[in-house]
Structure formats: structure tokens, C-alpha cells
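All remarks here apply to the structure that follows.
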Amino acid sequence: MTVTEARTSRGPVTKGAPRTAPPVRTRLRRAATPWLFLAPALLLFLYFKFIPMAEAVRMSFQEVRPFLGNTYVGGANYSEIAGSSDFGAAVWHTVVLAVATTAGSIVLGMVLALLLEGQTRSLWFIRSAVFLPVVTAMAVVAEVWRVMYYPAEGGALNSVLSVIGLGPSEFLNSPDSSLASIAFVGIWRGAPYDMMIFLAGLAGVDRVLYEASAVDGASRFRRIWHVTLPGLRPVFAILLTLAAIRGLRIFTEVFLLTNGGPDGSTEVLLTLTYKLGLERNELGVAAAGTVLLFLILLVLTVSSRVRRKGVR
């Protein structure tokens, strides 16, 4: 008996009964279950983040007078803070720090990832030790670096500089070196975070490409240039956005190390708005400054996302 005869002898094949859609109550329950689990976190975000953000936007259009009542002033707060020389200097210092810390942390994080890539069991300890600056409290980090930046000849870093024949530096106490000193702390603290993301990206690079390039006689530098870096292109796009946002939001390092000094040489946007709001009691102007910073970060994030979609 052939296969065709066997099929015909069995008679016509009957299709199963069509699957009915679940009732409306079941679908609603399935849709509502994730939101029930998310509800506590969403309520916390609403109360401690979104409501204060909306309040800051409202305050940016008012002259805030505690216990006397606020007065609507329109865009006067924005005009005042955007036209002040302190705001321009703070924007410049913020951009310089953001560019320096972004470039430095990405380059150093890439180097660390290439050095610590592999499956050796002992590498976990080294990676954990390198990652410690990220999880250490910034207050502790700032105090350690303040001691290391001690401007006298007997300071920790000045002692090292004297060994290689360089004179003592004032570091945080000089307007010429204070901004670079803070940028170095930001690079030191941000590079391990970038390293971990690079390690995750390196795990996704096809090892066959490394083997093929090695067979072709490519050097290690050429393998990195022609195989590793193109494979890490999506990682670079993510890190550039994260590091740039981290650099533009810099506050704690500056506040703890110099508080914007000396002579305003390290004043950034967040330290300026902090002083306007809590020291000078100009809460409306300070709120306008934070709204401007939020808009800058929003434009940066959206443009980066659009650019990544265009590359794909």
C-alpha cells in the first residue's frame, strides 16, 4: 500500500475545534497583574520624583516667597539665569567636565576590559577590586582624594610627582588645576562601570573573526581595530549616552571637593542652582536652572536614541 492510499483509506482529516478567546475578565486580570506588582514602586516614583518635577516646573515661572505667597513672573526667571555670567561659566565648566570624564572613562574602561577579559577563575577577584570605586560612597571617595591632593610637598600625589622631577601642584586649591583634578576623580570612578559594560559587549563578539584574523597574520592591534571596535559599536552608543548624562549631572564630586571654588573655577550647573535655591533663597531662579538642565538631558537622550535607530 502506498502512502497516498494509506492516507485516503483513513478518511477525511477533520480539523480541531477553533480555539475560543478567553473571557474579558481573564484578559483584564492578566493585563492588570503586572501593574499590581509595579504599583508600589510607581507610587514611590510618583510621590518622590514626578510630583517634585512638576512642582519645579511650576516654581520656575514664579517668584517663590515662603509664607508670603508665590507671584507669577512668566519667563523672568529663565531670562535672569540664562543671562547671568555665572550661568555661562557654570555651563562651560559642566561641558568641560562632561567631555573629559566621558572620554576618559570610556577609554580607560575599554583598556581595563581588554586586560581583564577571559574565563580565568582568578579574574573575578581582580574585577571586583577594580569595581570597588563605583560602589563606594562618594563622601568617602572625596575625602580620600582630598588627602591625596594635599597641596604641600609631603602630599601623596606631590611625593610621586617629585620622584619624576615635577614640582608640587596645588591641585584643588588652584583655579588652573582644580577642574582637571575633579575630572580625574570622575574618570577614576566611572571607568570601572564602563569596564563592566564593555566586558558584556566583548562576550558577544564572534570569536571566529578573531581566529580568522589571526590566521591572516593580523597583529593584536589590528584585531582590536578591525574586529573588536566594530563589534562594540552598540556598546559605545549606549556608553556615550550614559556617560554624557552622568557628566552633565555632576554635583557630588564638585560639592564635596571644592564647592565650586576656588574663585568659581569649578562651579557647575547643579552647584549653582543649589546655591541659588538654598543659600540665596532664589528658589524660582534655581528651579528654572534645573528645568533647563532637564531639557538639555532630554534632547541629548532623544537625539542619541534617534541616531542609534538611524544606524540600524
Side-chain angles (χ1 to χ4, degrees), residues 45 47-68 70-71 73 75-102 136-146 149 171-173 175 178-186 189-190 243-301:
F45 270 98
Y47 187 78
F48 291 104
K49 189 171 185 178
F50 297 118
I51 293 179
M53 287 174 60
E55 183 66 16
V57 174
R58 186 182 67 85
M59 289 170 56
S60 67
F61 295 98
Q62 296 177 339
E63 180 185 356
V64 181
R65 300 180 300 174
F67 310 110
L68 297 177
N70 300 344
T71 305
V73 294
N77 291 329
Y78 291 93
S79 301
E80 180 178 349
I81 191 169
S84 65
S85 58
D86 293 339
F87 180 78
V91 169
W92 171 247
H93 297 155
T94 304
V95 171
V96 170
L97 281 176
V99 172
T101 55
T102 298
T136 305
M138 191 59 218
V140 178
V141 171
E143 192 60 32
V144 170
W145 277 98
R146 188 191 301 277
Y149 279 146
F171 295 114
L172 299 174
N173 294 347
S178 56
L179 202 63
S181 300
I182 293 177
F184 189 80
V185 176
R189 196 164 189 264
I245 293 175
R246 186 173 64 225
L248 290 174
R249 293 175 56 198
I250 188 170
F251 170 76
T252 312
E253 296 93 321
V254 178
F255 181 75
L256 294 176
L257 290 172
T258 63
N259 195 22
D263 298 330
S265 59
T266 59
E267 195 80 85
V268 293
L269 278 173
L270 288 181
T271 57
L272 177 63
T273 54
Y274 172 85
K275 293 176 181 178
L276 287 173
L278 299 181
E279 294 182 6
R280 305 179 193 176
N281 203 28
E282 300 179 12
L283 295 175
V285 181
T290 58
V291 172
L292 289 177
L293 178 60
F294 170 75
L295 293 176
I296 293 172
L297 295 176
L298 180 63
V299 170
L300 176 64
T301 305

Would a 4.5 Å heavy-atom cut-off, applied to side chains only, mark [X] and [Y] as touching?
X      : Y      : answer
Val91  : Ile296 : no
Thr266 : Asn259 : no
Tyr149 : Val185 : yes
Asn281 : Leu283 : yes
Val140 : Glu143 : no

Test side-chain hydrogen bond (donor to acceptor under 3.5 Å, both in side chains) applied to Ser265 - qualifying residues, sequence neighbours left out: Ser178

Test item: side-chain donor near acceptor, Arg65 and Thr71, under 3.5 Å: yes

Approximate separation, where rounding is to 0.5 Å, of [X] [atom1] and [Y] [atom2]:
X      : Y      : atom1 : atom2 : value
Phe87  : Leu276 : CZ    : CG    : 10.5 Å
Leu248 : Leu270 : CG    : CG    : 9.5 Å
Leu269 : Leu293 : CG    : CG    : 5.5 Å
Glu267 : Leu179 : CD    : CG    : 11.5 Å
Leu97  : Trp92  : CG    : CH2   : 11.0 Å
Leu292 : Leu297 : CG    : CG    : 11.0 Å

Contact summary for [X] and [Y], nearest pair of heavy atoms:
X      : Y      : answer
Thr252 : Met138 : CG2-CG, 3.3 Å
Gly289 : Ile81  : CA-CD1, 3.5 Å
Val64  : Asn70  : CA-OD1, 3.4 Å
Thr102 : Ala98  : OG1-O, 2.6 Å
Ile250 : Val268 : O-CG2, 3.6 Å

Between the main-chain N or O of Ala286 and the side-chain N or O of Asn77, is there a donor-acceptor pair closer than 3.5 Å? no

Could you check whether any side-chain N or O of Thr290 sits under 3.5 Å from a backbone N or O of Ala287, counting only pairs where one atom can act as donor and the other as acceptor? yes

Start with the C-alpha gap between Val254 and His93, add the side-chain angles, then the distance that decides, and say whether side-chain contact (heavy atoms from CB on, under 4.5 Å) holds. CA-CA 11 Å; Val254 178; His93 297 155; over 6 Å; no

Does Arg189 have any salt bridge (Lys or Arg N to Asp or Glu O under 4.0 Å) partners at least two apart in sequence or in another chain, and if so, which? none

Identify, with sequence neighbours excluded, every residue that meets salt bridge (Lys or Arg N to Asp or Glu O under 4.0 Å) alongside Arg249. none

What class does the angle between the rings of Phe255 and Phe251 fall in, given that below 30° is parallel, 30 to 60° is tilted and above 60° is perpendicular? parallel

Below 30° counts as parallel, above 60° as perpendicular, anything between as tilted: where do the rings of Trp145 and Phe184 land? perpendicular

Give a yes or no on whether Phe50 atom CZ has more than 12 heavy-atom contacts from other residues, nucleotides or ligands under 6.0 Å away. yes

